[in-house]
Amino acid sequence: MKRSSSVEADAASPATQMHARIVTAIRQIPRGKVSSYGAVARAAGYPGYARQVGQVMKRYAGLPWHRVLGAGGEIKVPPDDAIEQRMRLHAEGVAFRGRRVNMPLHEFKFPKVRSRLR
DNA sequence: ACTGTGACACTGG
DNA sequence: ACCAGTGCCACAG
């Protein structure tokens, strides 16, 4: 098997794997529950990669992006999308207390918090 | 290769 | 509760 062949090195690229793991984590958040960028990053095995979670969500379509909030349950998306996010969450029964949602009440707990990856 | 940017998080005033 | 400063990291130009 070719180890450093350019083609498959692509598929196994660290970055690609990270994206995949982040996407998977986001998909785990059930309807009516929410999580945070940081929590998703940790669940995916990449603590400290909160910003990358945002990047991935922007690139991948079909993700429940509205269930991901900033630390403390704050909305971190631009004003336009923020409106839709609130609307979607409200439709799922997630209520806002002013600018943020009641995290202790709505936060989804990831089952398998994997240890650090690389 | 270097610099700026951002859908983040945390601390301190 | 609000805002500024700092650390964080991949990506784009």
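Protein chains get the first letters and strands the later ones, always in sequence-line order, with residue 1 at the start of each.
For the pair A:Trp65/A:Glu84, a side-chain contact is recorded, criterion being any heavy-atom separation below 4.5 Å from C-beta on. Between A:Gln17 and A:Tyr46, some side-chain heavy-atom pair lies under the 4.5 Å cut-off. Residues A:Val68 and A:Tyr37 have side chains in contact (heavy-atom distance under 4.5 Å, counting atoms from C-beta outward).
With no hydrogens or angles considered, no side-chain donor-acceptor pair links A:His19 and A:Gln52 at under 3.5 Å.
The side chain of A:His19 contributes an N or O atom lying less than 4.0 Å from OP1 or OP2 of C:dC11. Between A:Tyr49 and C:dC8 there is no side-chain polar atom (N or O) within less than 4.0 angstrom of OP1 or OP2.
Rounded to an integer number of Å, the gap from A:Leu117 CG to C:dC9 P is 15 Å. Atom OH in A:Tyr46 sits roughly 13 Å away from atom P in C:dC9 (whole-Å rounding).
Residue A:Arg27 is tested with A:Val23, A:Ile29, A:Thr24 for a side-chain contact (heavy atoms from CB on, under 4.5 Å); the sole match is A:Val23. Considering A:Val40, A:Val53, A:Ile26, A:Leu69 as possible partners of A:Ser35, the one that fulfils the side-chain contact (heavy atoms from CB on, under 4.5 Å) test is A:Val40.
With a 3.5 Å limit on both pairing distances and Watson-Crick or G-U wobble geometry required, the stems of 3 or more pairs in DNA chain B span B:2-6 with C:9-13, B:8-13 with C:2-7.
Along DNA chain C, the nucleotide nearest A:Gly48 and the nucleotide nearest A:Arg59 are compared for position; the residue whose nucleotide lies closer to the 5' end is A:Gly48.
With hydrogens and angles disregarded, a donor-acceptor distance shorter than 3.5 Å links the side chain of A:Arg21 to the backbone of A:Ala44.
With a 6.0 Å cutoff to the six-membered ring centre and a 45° limit on the axis angle, A:Arg86 counts as a cation-pi contact of A:Phe96.
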Let me have a per-nucleotide readout for nucleotides 7-12 of chain B, 5' to 3', with B, S or -, counting only protein heavy atoms under 4.0 Å.
BBSS--

